[in-house]
Every structure is written in C-alpha cells, then in structure tokens.
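Before any comments, here is the structure.
Keep in mind that the numbers below use all heavy atoms, side chains included, and drop hydrogens, waters and symmetry copies. Order of the sequence lines fixes the chain letters, A, B, ..., with proteins taken first and strands second; residue numbering starts at 1 for each chain.
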There are 2 protein chains.
Amino acid sequence: MATGRAHRPATRSRGIPEATVARLPLYLRALTTLSERSVPTVSSEELAAAAGVNSAKLRKDFSYLGSYGTRGVGYDVEYLVYQISRELGLTQDWPVVIVGIGNLGAALANYGGFASRGFRVAALIDADPAMAGKPVAGIPVQHSDDLERIIEENGVSIGVIATPAGAAQQVCDRLVAAGVTSILNFAPTVLSVPDGVDVRKVDLSIELQILAFHEQRKAGEDTAGEGGVDTTPPAAPPAAAVRRRTDDGTEQGPDGDVPAVMPA
Amino acid sequence: MATGRAHRPATRSRGIPEATVARLPLYLRALTTLSERSVPTVSSEELAAAAGVNSAKLRKDFSYLGSYGTRGVGYDVEYLVYQISRELGLTQDWPVVIVGIGNLGAALANYGGFASRGFRVAALIDADPAMAGKPVAGIPVQHSDDLERIIEENGVSIGVIATPAGAAQQVCDRLVAAGVTSILNFAPTVLSVPDGVDVRKVDLSIELQILAFHEQRKAGEDTAGEGGVDTTPPAAPPAAAVRRRTDDGTEQGPDGDVPAVMPA
DNA sequence: AACTGTGAACTATTTCACAGCA
DNA sequence: TGCTGTGAAATAGTTCACAGTT
C-alpha cells in the first residue's frame with residue numbers, strides 16, 4: 001500500500017507538465033465563456049487575462065499540447081475548447097459517485113460545473129438509512145451497503161468522498177476494491193491507496209490557514225499584532241535547546257486543537 | 001486593479017517558501033492527532049508518513065521555521081503544534097464571514113475544521129431576504145444589505161465567497177471596499193482585486209478535471225478508450241494549418257459547454 | 001545508534017526575449 | 001505589423017546524502 005497519489009513517474013508518454021494540466025481547466029472555463037459570447041478568436045494576452053495567468057505561461061502551456069494558434073491572429077476559440085477538452089479527457093462521459101450526502105455532498109450533487117464538463121453523477125451514497133431513497137439534486141440517495149454493486153453496475157472509475165474524516169479511509173478502501181481508480185477527497189484525512197490509484201484532496205480549512213498566514217504578515221508590517229485578537233501565553237519549550245532562526249518577539253498561546261470533521 | 005493574488009514578492013521578511021506554507025496545515029493536522037493520543041515526540045519519518053509527504057521534505061520545511069527538533073530523538077509534539085500554529089497565525093482569533101448560504105455555504109458554516117483552528121464564523125450573509133434570520137449552524141443568516149456594517153463591526157479581514165459565479169465579483173468588491181484583505185473564493189470565477197488583497201480559489205470541478213486527465217491516461221495505456229463512453233466527432237480545425245506535436249488518433253467530439261454556477 | 005538540519009545536486013516551473021510566420 | 005511558439009535564463013521546489021548532536 002502506497003500513500004497518496006501515483007502520477008506514473010516512469011512511462012510518461014507525452015509529458016505534459018503537471019502544473020500545465022492543473023491550469024487547463026482554467027483556460028477551458030475562460031474559453032467557454034468566450035465561446036458563449038460567440039467570440040471567434042482570442043489572443044494569448046486576452047485569454048491569459050480572463051484566466052488570471054500571464055500570457056507567456058499560457059503560451060508555454062499551449063505549446064505542450066501542440067501548435068493550435070495562428071501567428072499574428074491568436075487562437076480559434078471553438079477549436080481550442082475542443083482540443084483542451086480532449087486533452088483533459090472531457091469528451092468522454094465520466095460516471096462519478098459521491099459518497100457522504102451531508103451539506104457538502106449535496107452541494108457537490110447540485111454543482112452545475114460537474115454535469116457540464118463530462119461528469120455525470122451516477123449515484124449518491126450515504127451510510128444513513130434514513131437518507132436512502134430521498135432525492136438530492138433529483139437523484140435518489142442509496143445506502144452504502146450497495147456501494148460495490150453501484151460502482152460495478154455503472155462502471156464508475158472516479159469517486160468523491162464527502163464523508164466525515166473517520167469514515168473516509170474505509171469508504172476509500174471499498175471504492176478502490178470495487179474498481180475506482182481516482183478519488184477526490186474532501187474529508188480532512190490522508191488516504192492510503194494502492195499504486196495506480198490517484199487521490200486528490202480538497203481541504204476547506206487548509207486554504208483558510210494559508211490565507212491566515214499571509215494576513216498575519218500584512219498586519220505585522222504596519223502595527224505589530226493588528227487584525228486579530230491574541231490568546232494565551234507561549235507553550236513551554238521542549239527539554240532540548242531551542243535556537244530559532246529568527247524571532248520577532250510575538251508570543252502567543254498554544255492551542256488545544258481538535259481534528260476537523262466534515263459535516264455528515 | 002490587479003488580478004489575482006499579491007504575495008508580497010518584495011519585502012519578503014523571513015522568506016518561508018510558499019510550498020512550505022501550503023504544507024504547514026497538513027503537518028499541523030497530523031500533529032494534532034498525535035497530540036490527542038498523547039504521543040509526546042515524533043520522528044520526521046513518522047510525522048511525514050502521517051502527513052503524506054516524505055521525510056526529507058518535512059525536515060527541510062521545518063528548517064525554515066527554526067530548529068525545533070532534537071537530534072537522535074525527534075520533535076516534541078506539543079511544542080511543534082504551538083510553533084506551527086504561531087507561524088500560521090492561528091494563535092490569533094480570525095473572524096470570518098461566509099457570503100452565500102446555499103448548500104456549500106451551509107457546509108462551510110458547519111465545518112468543524114474552522115472553529116477549531118482559530119477561525120470564528122462571525123456572520124453568514126445571503127442575498128435572499130427569505131434566508132434572513134434563519135439559523136444555519138446556529139448562526140442567524142443576515143441580509144447582504146448589511147454586509148459593510150457586519151464587516152466593520154466585527155473587524156473581519158477574511159471573507160469566504162460561496163455565491164453563484166455571477167454574484168462573486170460584486171460581493172468581492174464590496175468585501176474589499178469594507179476592509180477585507182483575504183478572500184477564499186469557491187465561485188468558479190477569476191476575481192479582480194486591488195494589490196494587497198489575497199485571493200485563494202477552491203474549485204470543485206477543476207480537481208475532477210485533473211483526475212479525469214490522469215484517468216484517461218491510465219485507460220489509454222491498456223486498451224485504448226476504456227473507462228468512459230466516447231461522444232461525437234471532432235470539431236472543424238481552424239483556417240490555419242494545424243500541426244500537432246504528437247497525435248494518438250483518438251478523435252472525439254466538441255462540447256457545447258456551459259459555465260458552472262454554484263448552488264445558491 | 002538514532003535522528004535532525006542542511007549544503008549541494010537535481011528537477012520542475014516560470015519568465016524572458018526574440019525568431020518566425022500569417 | 002502583430003502575435004505565436006520556443007530556446008535559454010532565472011527562479012522555485014525537491015531530493016540526496018552526510019556532518020553534527022543528543
């Protein structure tokens with residue numbers, strides 16, 4: 001059992017950089033908007049602005065896909081939509097199951113961005129018998145006892161986990177055993193999966209913590225310790241000597257923290 | 001108006017790499033779990049496994065914070081929890097507003113991971129008058145007319161946008177005008193913000209698209225075109241010559257896509 | 001003996017800047 | 001002339017491997 005993702009480091013056939021892959025959906029969204037407005041062509045500069053990146057990066061990214069632009073003109077919007085969709089595998093239909101139909105699961109089920117991009121919510125699964133049969137986003141929730149059958153019958157290879165943290169690994173194991181090879185995990189846990197299974201994590205609180213880090217920096221530049229209320233005094237240092245690399249003298253309290261659990 | 005984040009490229013005081021900052025919450029979660037189990041110390045190897053990274057990376061990351069370990073022994077769990085919390089700014093109390101109380105907003109309001117990490121949901125705001133006064137996660141929803149007042153009265157500097165895409169920029173502008181300097185955006189739009197305002201984006205469908213890309217690769221290695229159902233034929237190429245870098249002959253259809261909208 | 005902390009090597013990603021084409 | 005496509009340079013991030021410490 002390996003932990004985490006398995007991004008085929010060897011046998012990398014056409015080698016599109018991971019950073020580029022992560023931006024393709026961004027470009028696709030921007031292009032889709034242009035397409036709706038019937039804009040026929042777009043320059044790298046314009047498209048980059050719409051996608052929130054710089055144009056050199058965008059051109060480099062596209063160069064990994066092929067030469068789909070026209071010098072002096074720009075890119076054909078429709079054609080580029082098609083090429084990126086194809087590259088991402090969105091010209092196929094991907095049946096997806098969502099496990100854990102709490103607020104978050106329901107939000108995901110209702111999320112228009114899935115259906116419109118080649119993803120089809122094949123089933124909603126929850127462990128609560130009281131949920132069974134209830135329609136969410138027009139799809140009846142099924143009990144998790146039937147998880148394996150549902151996966152197999154629908155040929156599902158992508159699963160979304162929106163359960164509480166405590167249930168996530170177990171759900172993950174069952175999904176994988178039933179044939180799922182890609183998992184999008186919203187539960188705040190590190191999942192262990194065998195080689196060949198991809199896991200991506202979306203963590204709602206991690207993003208906020210990153211913002212807090214930068215926010216703290218901003219406050220520290222003007223007046224020290226603005227923008228929040230300090231708490232209790234510093235924790236006792238460990239037995240060993242502690243030599244901090246740098247120290248700004250800001251001392252705050254420790255933190256009786258509790259691991260996060262998703263809404264069920 | 002600059003687009004996107006503004007990560008103080010100059011004046012970078014103590015220079016912790018962005019990639020490291022992004023992992024600190026991961027370490028913190030793993031440490032918190034250990035702390036609850038009353039584990040007193042942990043080695044880089046063990047902690048790395050719990051956090052899902054490798055130990056060299058973890059040690060390097062910690063080296064940017066200071067020398068908080070003891071050679072031959074490991075790291076003091078409680079002390080490290082404190083140091084990372086402090087570095088991330090989580091020893092302060094951060095009042096947060098959530099704008100857009102649909103399924104997703106409700107999921108966020110109920111999410112235990114916020115409250116337990118220095119974040120306090122100061123207010124829930126929605127544009128629907130019918131929502132006003134209704135309690136979600138024990139907090140009454142307030143109408144967006146009062147957004148500015150709420151921000152100012154509570155000294156909020158971090159805002160979470162969980163509105164439909166169409167409303168996001170407008171909400172963002174109002175948040176920023178009222179004094180918010182960090183935004184977590186769940187709406188599938190690129191937000192324009194002035195310099196000095198940080199934006200982080202969580203996009204539910206982008207992650208799935210990245211999984212689909214890798215999933216497609218897996219399928220393509222064994223039998224070509226397994227794991228999904230193909231759709232219509234290729235779009236017409238643009239007027240100009242098209243020379244693809246490589247081509248695997250897989251031709252699929254274009255895609256009359258619609259921009260995703262979050263559940264309101 | 002065990003384990004951290006860290007230069008140095010390596011790999012990935014971004015940005016520059018300009019040749020080449022329509 | 002205007003804009004793409006891309007080598008080359010610059011920067012960021014990861015991994016190695018081992019000296020140093022308890």
Side-chain angles (χ1 to χ4, degrees), chain A residues 4-5 7-10 12 15-24 26-27 40-49 51-77 79-80 83 237-246, chain B residues 4-5 7-10 12 15-24 26-27 31 39-49 51-77 79-80 83 237-246:
Chain A
R5 53 221 61 167
H7 276 164
R8 57 197 66 271
R12 197 165 148 181
I16 297 177
E18 198 49 38
T20 296
V21 171
R23 279 187 296 266
L24 292 180
L26 235 59
Y27 302 141
T41 60
V42 67
S43 70
S44 63
E45 201 68 58
E46 292 164 332
L47 183 54
V53 303
N54 79 24
S55 64
K57 194 185 281 182
L58 178 143
R59 287 201 304 280
K60 189 59 130 183
D61 283 342
F62 286 177
S63 79
Y64 294 116
L65 309 185
S67 287
Y68 294 143
T70 308
R71 291 169 204 240
V73 178
Y75 301 93
D76 181 277
V77 171
Y79 190 62
L80 201 47
Q83 290 299 344
V242 173
R243 25 189 165 20
R244 298 200 192 135
R245 175 162 289 218
T246 43
Chain B
R5 55 220 62 166
H7 276 164
R8 56 199 64 270
R12 198 166 147 182
I16 297 178
E18 198 50 37
T20 295
V21 171
R23 281 188 296 266
L24 292 181
L26 235 58
Y27 302 143
L31 284 165
V39 176
T41 60
V42 66
S43 70
S44 62
E45 201 69 58
E46 293 163 332
L47 183 53
V53 303
N54 79 23
S55 63
K57 195 186 280 182
L58 177 143
R59 286 200 304 278
K60 188 60 128 182
D61 283 343
F62 285 178
S63 80
Y64 293 116
L65 309 184
S67 288
Y68 294 143
T70 308
R71 291 168 203 236
V73 178
Y75 300 93
D76 181 276
V77 171
Y79 190 61
L80 201 47
Q83 289 300 344
V242 173
R243 29 196 161 16
R244 298 197 194 138
R245 171 163 293 213
T246 45

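The heavy-atom pair separating S55(A) from S44(A) by the smallest distance is CB-O, 3.8 Å. Closest approach of L80(B) and L47(B) over heavy atoms only: CD2-CD2, 4.2 Å.
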Can you give me the N/O atom pairs linking the protein to nucleotides 1-3 of chain C at distances under 3.5 Å, or say none if there are none?
{"unit_1": "dC3(C)", "atom_1": "O4'", "unit_2": "G72(B)", "atom_2": "N", "d": "3.2"}
{"unit_1": "dC3(C)", "atom_1": "O2", "unit_2": "G72(B)", "atom_2": "N", "d": "3.2"}

Identify the pairs formed between an N or O of the protein and an N or O of nucleotides 14-16 of chain D at a distance under 3.5 Å, and give each distance.
{"unit_1": "dT14(D)", "atom_1": "OP1", "unit_2": "R23(B)", "atom_2": "NH1", "d": "3.1"}
{"unit_1": "dT14(D)", "atom_1": "OP2", "unit_2": "R23(B)", "atom_2": "NH1", "d": "3.3"}
{"unit_1": "dT14(D)", "atom_1": "OP2", "unit_2": "R23(B)", "atom_2": "NH2", "d": "2.9"}
{"unit_1": "dT15(D)", "atom_1": "OP2", "unit_2": "N54(B)", "atom_2": "ND2", "d": "3.0"}

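Between Y68(A) atom OH and dG5(D) atom P there is a gap of 11 Å when expressed in whole angstrom units. Spacing between atom OH of Y79(B) and atom P of dT4(C) amounts to 17 Å, rounded to whole angstrom units. I16(A) places its CD1 atom 12 Å from the P atom of dT13(C), with the value rounded to the nearest Å. One can place CD of E18(B) at 16 Å from P of dT13(C), the figure rounded to the nearest angstrom. One atom, CD of E45(A), and another, P of dC16(C), lie 12 Å apart when rounded to the nearest Å.
Residues forming a salt bridge (Lys or Arg N to Asp or Glu O under 4.0 Å) with R59(A) (at least two apart in sequence, or on another chain): none. Among residues two or more places apart in sequence or in another chain, the ring pair (Phe, Tyr, Trp, His ring centres under 6.0 Å) test is passed with F62(A) by Y27(A), Y75(A).
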### Task
Evaluate the side-chain contact (heavy atoms from CB on, under 4.5 Å) criterion for residues D61(B) and V53(B): first the C-alpha distance (whole Å), next the side-chain angles of each, then the deciding distance (0.1 Å), finally the verdict.
CA-CA 11 Å; D61(B) 283 343; V53(B) 303; 6.0 Å; no

### Task
Verify side-chain contact (heavy atoms from CB on, under 4.5 Å) between L65(A) and I16(A), making sure each step is shown before the conclusion.
CA-CA 8 Å; L65(A) 309 185; I16(A) 297 177; 3.6 Å; yes

